[in-house]
> 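The structure under discussion is supplied below as C-alpha cells; questions concerning it will follow.
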Amino acid sequence: MTVRSRKIPLPTRGIHRRAGLAALTLLLAIVAGACGQGGAPARSGSPAGPLRVVATTTILADLVAEVGGEHVQVESIVPKGGEVHTFDPRPSNIRRLAEADVVFLNGLGLDDWLGSLVTDSGTSAPVVRLGEDLPGVTYLSGESRKGGTVNPHLWLDVSYAEKYVERIGETLASADPANAADYRARAEAYGSTLADLDAGIRARMATIPAANRTVISFHDAFPYFAAAYGLTVDGTIVDAPGQDPSASQIGALVGVVRDKGVKAIFAEAQFNEALARTIADETGARVVSSLYTDSVGDAPQDTYVGMMRWNVDRVMEVLAAP
Ligand SMILES: [Zn+2]
C-alpha cells in the first residue's frame, strides 16, 4: 500500500517556520556566493572518503552507523534529546545537507520539515524516507484513515526497525558500490540482532498479566509498540508535542484512566513528567518513567538497542507485577 505523508497541521508554527526558512534560504544564497562557483565536484561511483550520511534523528543515525560501520560518517540533524516534531532547522543544517552523500528521513509527517532544507541545499544526494510505503500503518489518535495523519513512530516496534535496516543497507550499497557486500552483510547481521531483540521483548512482555495491559502515554508514540507487544493505549496527555492540554482535557483523561482501569502512564525522558504525575496522583495509576521514543539518550541508552532494552525494563517494572 502507498502512504502519503502529510504535514502536521500547526498553522502558527507553520508561519513561523516559513519565515525561518526564508531567512535560511537567503543565508544559503550568501554562503553559496561567498564560496564562488561550482561547489563540490559531482561524485561518480564510490566516494573517496567515508560516505557522508545525514539522518534526521539520533535513532535513525544509530541504525545507519550500525549498517555503515567504518565506511560512513553519520550525523543527526535533531540533536540527542531534541524534539523532532517541533524542530526548528538552523543554517548549519543546510550546509550539512549540501555536503551529504545520502540523506535519511523517517517520513510520515515526522520530519517533513527537512524537505525544504533539502531543496535549499541544492544537494543531489538520494533522500530516503525509511518509514514510508510499509504495511500496517495506523493513524494519530482521534484521526481516521480518511484524511487522518499517519502515526510515524514505527521504529518502536522492532520488526519495523528491521525493515528500516534493510532499506539502509540497500541505499548505502548503491551509494557506495565498492563496499556494497559489506553493507549488505552488516545489515543482515544487525537485522539478526534486532530479530533477537524483538523476540526477547515479546517473550518478556508476554508475562504481563492481562489486567495490566492498558496504559495511556504522554504523546502518541506507542501504537506500534503496543500492537506488537500486547498493550492497549487508551489515550494521550498531549495531542502533539508542544500542545499543552487544557484542564478539561486532563479531567477527561483522569475519567478514562478510572473508567478503563488504566494501569500505567507512559512518561518520556525528553518531556516533563509533571502532567503524568498529576494524573497518577488523581487516579492511583503508576508512572512508567523516562521512556525513550524519538531520540536516544546517554549511555547505555545511546543506541537503538540500548533504548529499547531500557524501555522494556521500565515497562516490566511497573506492568509485570500482579
Ligand atoms: Zn514522537
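Ligands are counted one by one from 1 in listed order, and the atoms in each one are counted from 1 as well.
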> Can you tell me, to 10 degrees, how wide the angle at the Zn ion (ligand 1) is between NE2 on His219 and NE2 on His153?
100°
> Using the test salt bridge (charged side-chain N to carboxylate O under 4.0 Å, His left out), find all partners of Glu188 that sit at least two apart in sequence or belong to another chain.
none
> Need the atom name: nearest N/O/S atom of His85 to the Zn ion (ligand 1).
NE2
> Flag the pair Glu75 and Arg52 as a salt bridge only when some basic side-chain nitrogen lies within less than 4.0 angstrom of an acidic carboxylate oxygen.
no
> Pairing donors with acceptors under 3.5 angstrom, does anything connect the side chains of Ser289 and Arg277?
yes
> Would Asp294 count as a contact for the Zn ion (ligand 1), in the sense that one of its N, O or S atoms lies under 2.8 Å from it?
yes
> According to a hydrophobic-cluster definition based on side-chain heavy atoms being under 4.5 Å apart (Ile, Leu, Val, Met, Phe, Trp, Tyr only), do Trp310 and Met308 belong together?
yes
